[in-house]
Each structure stands twice: as structure tokens, then as C-alpha cells.
Amino acid sequence: MSAGASPALPEADPFEHIGLLYSAPGDYAEGCAAFARRGLEAGDPVLVAVPGGNGSLIRERLGDRAAEVRFADMAVAGRNPGRIIPRVLLDFARRNAGRRVWIIGEPIWPGRSAVEYPACAAHEALINAAFAGRDAAILCPYDTTGLDPDAVRDSHRTHPIMSDGTASWESPDYTDPAEAAALFDRPLPPPPPGAHREGFASLTDLAPLRASLARHAGAAGLAPKRVAEVLMAVNELAANAVEHTGSGGTLTVWAEPGALVCQIDDTGHIRDPLAGRVPPERSHERGHGLVLVNELADLVRWHDHAGGTTTRLYVTRP
Amino acid sequence: MADPTTVDALSLGDHVCWTFDDHERHLEALARFVRAGLAQDQKVLYLTDTFLPAAFLAAVETYGVDADDARRSGRLVVSTADESYLARGAFDPEQALRGWTTAVEEARRQGYAGLRVAADMGWTVRPIPGIDRLAWYEAQANRIFSQGEALALCCYDRRLFTARELERVGMAHPGTAQADAGSGDEWRPLLRMRRTSTGLSLSGEADMTNRDALATVLRHLVEDVPTGNDPVVVDVSGLTFADLGAARALASAVTSSGGRMRLEGSGPFLVDLLAFLDQPDEEAATADGRVA
């Protein structure tokens, strides 16, 4: 922004976030490859983070130029949608600081479960807040035939620009990032009646809380290293609850087919919608704690309600 | 309050925040504490703010401790906070820390197996100059106790402090015994820090409850360990849990040592956690244009 006397025009935000609607694999490959080529032709770094075999469709279409593109499997790196902004998108931007980055990010695919979907959609909304003002272009493919129609409809709310591969337009349904994220903050199904519940009120309650969580995680079949990761994540959430509410909270733990579920309920509210997604400056421990929780869990669902915050972690189990 | 049996778990090198709300059980714990010290050929020092010294000596006799004999031979010293911490009218933490170093040396010179101290901390609620540095003092004291020649039981009367005050001062101790500690499961200090010939050994769990104790010992370790130019080693193989703050304290101590300090025995999880913390700083990366 100019400091001179003449009124400065607002600078255009260099950030572009585009929803790509496609219905056939060929359209998918061509739409993605065209976007990647634009980045490559500008001499900019390009990242393709899409699930499983989708990367090879784009790779084939790019031919020799695929070697210049970095690929990541979104089903692994972005398995937990809350991990995508800090550890996939911002990480790539940081490694290429000072340059415009081009990223194909596909967080929503037909295999995403109903419990995963709200976290995926909130992630899409919050990209707009996390990348505002950054020199980046992010393209998100949406399968209009494979996905639930609601997911396709939601993509118009979370992307300021939509494209069908030939034309692109400003989305009339685009919604403010925090408002859109709040739309996807949906209540969670209640824990099963047999779930283990344990209150904690002070920091000295954390060690016994970890000890009992370790027993439940071990009994659910988690490997020792995975148990350690669950203890770390839950400990951070519980310590935050003690520190920021003064009254602690409750841990609820249960095993579902395929997942150990840990839920922390406290009476606080998280004011920053980007908490856990944008790493704060190094000196701020709390923000790092939530980024770490997103890093360690296979899925994190946050639910803000009148009585406080529910944070539910899903950890895959054998 | 913590169960009196919790004091049986103490060993040289420990520094524990111990809470009580009942004088009879406090006395029982102190009697166990004194008896164990005498049995282990340690010099025992009790700085009381709860009992008159003569009354305390008579009372522990009823618990079967030959306190009078121990006092006459100098193996047991009972004094008051006023005569020790506050001998000069104000609380001078530097002076108090120097006092502990001298007392440890003296016990060693006198041929004892170590120094064992119990200190009532009720006097700290009085409006005394310097008392705002209590938590700093408690954290610094770990640099002395972790040398393994002394142990300290800091006795806080729960009726005199708010939960928040106890939490804050507790963080300056590697272990805290409060609420129903020791009444169910066997209690031991959550974290043990012990100096070794090459550095420091950590065992147990490092979390928010002992954050300041660990950070202080790590921050001063290179200056405190006389290894010459040899590396200072922090053995973390016995560390069964380290929260993010503890991992950050470890990482930051290694970084700021300029290559002098290294960790030994990190489990696979701690290795991953340290790597997570080692992500390039966004601002720094922009400043020097580094591309990983």
C-alpha cells in the first residue's frame, strides 16, 4: 500500500482459490494438468496433493513435465482434513517462500465418510482465511457425479471462483470463511453409553488421565507408538482446557470398529477459527499444541456449542 | 492432602511440592521422613513453620523416632523459617540458594550419605520483601537438588494458598504430591532429574506440572556441568512421557547450547516430535529466502 498523499487503490489479493467441477476422469486430468502447466510456464513451484491413484491421471497428462511437479497422496497427508492447511499447503508455501505457489488440493472425494465430511468442508472454507493475501493459487477438484450433491453445493460457498474446465466465474454463493466454517460446525453423535468418562480439574490430574487413557488405547489394539501419540494429543487438549477455562473438563473414550475415539469437553470457546491450522510464531505454545493435535489424529472434529467446546479425535485402530 | 506414605518414595535428587491440610497427618509424614533419613545415614533438616521445634521433637518421639539422640549428635536439625530463610528480615533467594549449596557440602564433609530437607512454606504468605521471587527460587533450587546429594520436601499448607498459587509453585518442582496422592496407587515424583558425570538423566514424565523445573535445569545445564569441552549429554531414555512444552524445552536447550548439548536415548515418538518442532520458521525462511 502506498504511503503517498494520493488515494491508493486496494491491491488485488494475489490468492486464487478455485473449485473445479468435473464429471469424467478425462476432464479431471485435463483441468488439473492445465492448471499445473500454467504454474510451470510461469516458472513457479507446483504441488499436486490428490488422493491415491488420481495423481497418476494428472502425471500421465503432464508427460515429461510431471518431473517438475511435487506429488503428495492426499489420502495420507490430508487424511485428517485439519492437517492439510498447516502441513501440506502452508508447508509448501513456506518451503517456497518469496515465490507464487500453485497447488492442486483435493480434500473431498467420494470415499470420505459422513463423520469426515464436515471437517473437510470447514477446511475448504478456512483456506480462504489462511491464504488471504498470500501469493498462491489453489485448485480443488469436485467430482459432480461421484460426490453427494450437498458437497458439490457446498463447494460454491467455499470457493470464490468456480470453474468447469472451460469457463470460470465468481461464485455467487461464496461465503465469508468464518461464517462458512461455522455452517459446517455440526453436532456430533453422542458417545455410546458404555464409553469411559473421566473428569479432570487441575494440571495434576493430567498424569492419572494419561495413565487411564493409555490402558484404553492399548486395549483398543493401538501400537505403543500410536498410544504415545494419542496421549500427547489428548494431554495438549486437556492442558488447554485446564489453563483456559480454569475448571478443566471431561475425557470420554471409546472404541468403534476401526477407530479409537477420544473426546474432550470443556466450558471454553476457541475464538480463532484458524487455531490448529495456522502455526503461530514459535513463542506461542498453545497454538502449536492444536497444530500438533491435528498432526497426530486421523480426524479431528470440533463442535462449539452454548456450553463450551467438544473436541473429538478419531484414531485408526486395527 | 497427600498420604503420609508418599514421603517414603523420596530419594536423593528429588525436590517435591507436598501439600497438607491436617497437622496430625503432616506430623506423621514428617516422622516417616525423619526416620527414613536417619536410617539412610543422611543428615536431616526440618525448617518448621507449623510446630515449635521442641514440641516437634517430642511429638516425633511418639512415632518411635529417637529424635532427641539424633538432635544431640547433629544428625537432625530442627529450625524455623524465621531463623533460616528470614534471618535477615527479607527473603533473599540468591542467599537461600547459596545456603543450600553450603549445607550440602557441609553434610558431605561431615560424612553423611546426603542431606534431607523438609521445609514448611507457610511463611511465604506473609508480606515479606522478596517473596514475589518464590517460584523463581524454587525452580533454581532444582539445579542444586538434581546433583543427587540432597532431597527436599517443600510442605505447602493448602489452607493458606489458592489452587492457582499451588499450581504455579508446583511447576517449579519435578514432582507434586497433593489431593489423594498415595492413597490409592503407589506415588512417586512424576519426574526425576539426576545429574550424571556427563550431564543429566531424566526419568518419568515431563508435563505442565513440572515445566519450570525442567526448563530451568536444562537452561543452565551447560554452565552447571563441568565437562570441559566434552559434550553435555541429556539421557532421556527413562522419560516415559514428554508433552509439547517439555519437548520444546529440550529442543531449545540443544539449539542454544551451540552444539555442546545432545540428547541420548530418544524413543521413536520423541524423535518425531522433535522433528515436528524443527520445521523452518516462516519468518526466518522469508528473510533469508531459504528453500528446503
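These numbers were taken from a predicted model, which means no experiment stands behind them. Here is the naming used below: chain letters follow the sequence lines, and residue numbers restart at 1 for every chain.
Across A:A207 and B:L190, no two heavy atoms sit closer than the pair CB-CD1, 3.6 Å. The minimum heavy-atom distance linking A:A239 with B:M208 is given by the pair CB-CG, 4.2 Å.
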Give the intermediate values and the outcome of side-chain contact (heavy atoms from CB on, under 4.5 Å) for residues B:E205 and A:L206.
CA-CA 11 Å; B:E205 301 175 53; A:L206 297 180; over 6 Å; no
Pair B:M171, A:L203 - check side-chain contact (heavy atoms from CB on, under 4.5 Å), show working.
CA-CA 9 Å; B:M171 288 177 180; A:L203 294 180; 3.4 Å; yes
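With a threshold of 4.5 angstrom between heavy atoms, A:R226 does not approach chain B through any atom at all. Looking at B:D272, only its side chain comes within 4.5 Å of chain A, counting heavy atoms on both sides. Only the backbone of B:A242 comes within contact range of chain A, with at least one heavy atom under 4.5 Å from a heavy atom of that chain. For A:E295, the part sitting under 4.5 Å from any heavy atom of chain B is the side chain, from C-beta outward, and nothing else.
Within a 6.0 Å radius of CZ in B:R159, other residues, nucleotides and ligands contribute more than 12 heavy atoms. Atom CZ of A:R65 has more than 12 neighbouring heavy atoms from other residues, nucleotides or ligands inside a 6.0 Å radius. With a 6.0 Å radius and a threshold of 12 heavy atoms from other residues, nucleotides or ligands, A:R312 has its CZ atom above the threshold.
Within the 4.5 Å cutoff, the side chain of A:R87 has heavy atoms near those of the B:F276 side chain.
Of the residues considered (B:T176, B:T240, B:L273), B:L273 shows the highest number of contacts with chain A, using heavy-atom pairs under 4.5 Å.
Going from atom CG of B:D207 over to atom OG1 of A:T204 covers 9.5 Å, rounded to the nearest 0.5 Å. The distance from atom CZ of B:F269 to atom CG of A:L231, rounded to the nearest 0.5 Å, is 8.0 Å.
For A:E236 (side chain) and B:L244 (main-chain N/O), a donor-acceptor pair under 3.5 Å exists by modelled atom type.
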